[in-house]
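Along the sequence shown, residues are numbered consecutively beginning with 1.
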Amino acid sequence: LPPRPWPAVSIWFAVLAPPVAAISQLQFGYVLEHVACSTGSKLGIHLISVILLIVVLCGGLVARREWIREGSQDPQQLPGPVGTRRLMSLLGMIGALIFGLFILAQWFPSFVLAPCVRT
């Protein structure tokens with residue numbers, strides 16, 4: 001393969017996009033809950049959750065692409081950058097699954113509860 005101009009950008013996106021999306025959903029969820037309470041519409045909560053789930057999915061797909069590109073079938077120890085990239089891409093796929101489930105778990109109450117439920 002020819003050297004890529006920015007070899008590390010895609011792998012870092014794959015590792016960092018899912019947790020950043022999950023934290024963003026948590027932050028925006030609290031803000032949009034107040035908007036939903038005042039307007040009576042939960043559209044903003046649903047929209048931001050769908051957008052951030054798409055970001056998590058893209059991060060997971062980029063991680064999978066990088067994992068396959070670096071050689072997914074051979075589990076032996078590899079030297080330096082190749083082994084590190086494989087580990088990072090594997091962590092990106094695992095992170096996409098975990099943080100995708102996190103976003104779904106945070107999104108679920110908006111289907112069940114009214115927007116103005118306070119404890």
Side-chain angles (χ1 to χ4, degrees):
L1 294 171
R4 292 178 280 174
W6 291 347
V9 171
S10 62
I11 197 70
W12 280 106
F13 171 78
V15 170
L16 294 177
V20 169
I23 291 170
S24 299
Q25 195 268 347
L26 192 61
Q27 280 298 115
F28 287 120
Y30 284 123
V31 172
L32 291 173
E33 187 269 333
H34 292 291
V35 173
C37 185
S38 63
T39 63
S41 171
K42 297 190 251 180
L43 180 65
I45 295 171
H46 296 309
L47 189 62
I48 197 71
S49 296
V50 167
I51 290 170
L52 292 172
L53 271 175
I54 291 171
V55 169
V56 168
L57 179 65
C58 289
L61 291 175
V62 168
R64 187 175 191 292
R65 184 192 70 202
E66 292 294 321
W67 187 60
I68 289 171
R69 181 180 289 163
E70 298 298 333
S72 60
Q73 74 282 0
D74 195 313
Q76 65 182 339
Q77 281 193 340
L78 296 173
V82 176
T84 302
R85 288 180 66 86
R86 285 183 62 193
L87 176 64
M88 287 178 72
S89 57
L90 182 63
L91 291 175
M93 288 187 293
I94 293 169
L97 175 68
I98 291 170
F99 290 111
L101 290 173
F102 177 82
I103 290 174
L104 287 173
Q106 291 291 324
W107 188 19
F108 178 72
S110 67
F111 289 108
V112 180
L113 301 174
C116 293
V117 172
R118 304 263 186 217
T119 56

Please tell me if the side chains of S41 and H46 come closer than 4.5 Å, counting only heavy atoms from C-beta onward.
no

How far apart are the closest heavy atoms of A96 and G60, and which atoms are they?
CB-CA, 3.6 Å

Distance, nearest 0.5 Å, that separates CZ of R86 from CD of E66
12.5 Å

Rounded at 0.5 Å granularity, tell me how far CD1 in I54 sits from CG in L52.
9.0 Å

Under 30°, 30 to 60°, or over 60°: which ring-plane class applies to F99 and F102, parallel, tilted or perpendicular?
perpendicular

Treat each ILVMFWY residue as a node, draw an edge where side-chain heavy atoms are under 4.5 Å apart, and state whether L32 and L104 are in one component.
yes

Just wondering, are more than 12 heavy atoms of other shown residues or ligands nearer than 6.0 Å to OH in Y30?
no

Sole candidate of V55, L53, L61 that passes side chain to side chain contact (heavy atoms under 4.5 Å, CB included) when paired with L57
L61

Answer with yes or no whether the hydrophobic clustering places V20 together with V50; edges join I, L, V, M, F, W, Y residues whose side-chain heavy atoms lie under 4.5 Å apart.
no

Closest non-hydrogen contact found for P18 with F13 is CD-O, 4.2 Å

With clusters defined by side-chain heavy atoms of hydrophobic residues (ILVMFWY) lying less than 4.5 Å apart, directly or transitively, does I51 cluster with F108?
no

Which atoms form the tightest heavy-atom contact between I11 and M88, and what is the distance?
CG1-CB, 3.7 Å

Using a 4.5 Å cut-off on heavy atoms from C-beta on, say whether the side chain of R65 contacts that of S10.
yes

Looking only at heavy atoms, the pair that brings W107 and Q25 closest together is N-NE2, 4.1 Å

Rounded to the nearest 0.5 angstrom, the CG-CD1 distance for L43 and I48 is 11.0 Å

Is it the case that atom CZ in F28 sees more than 12 heavy atoms from other parts of the structure closer than 6.0 Å?
no

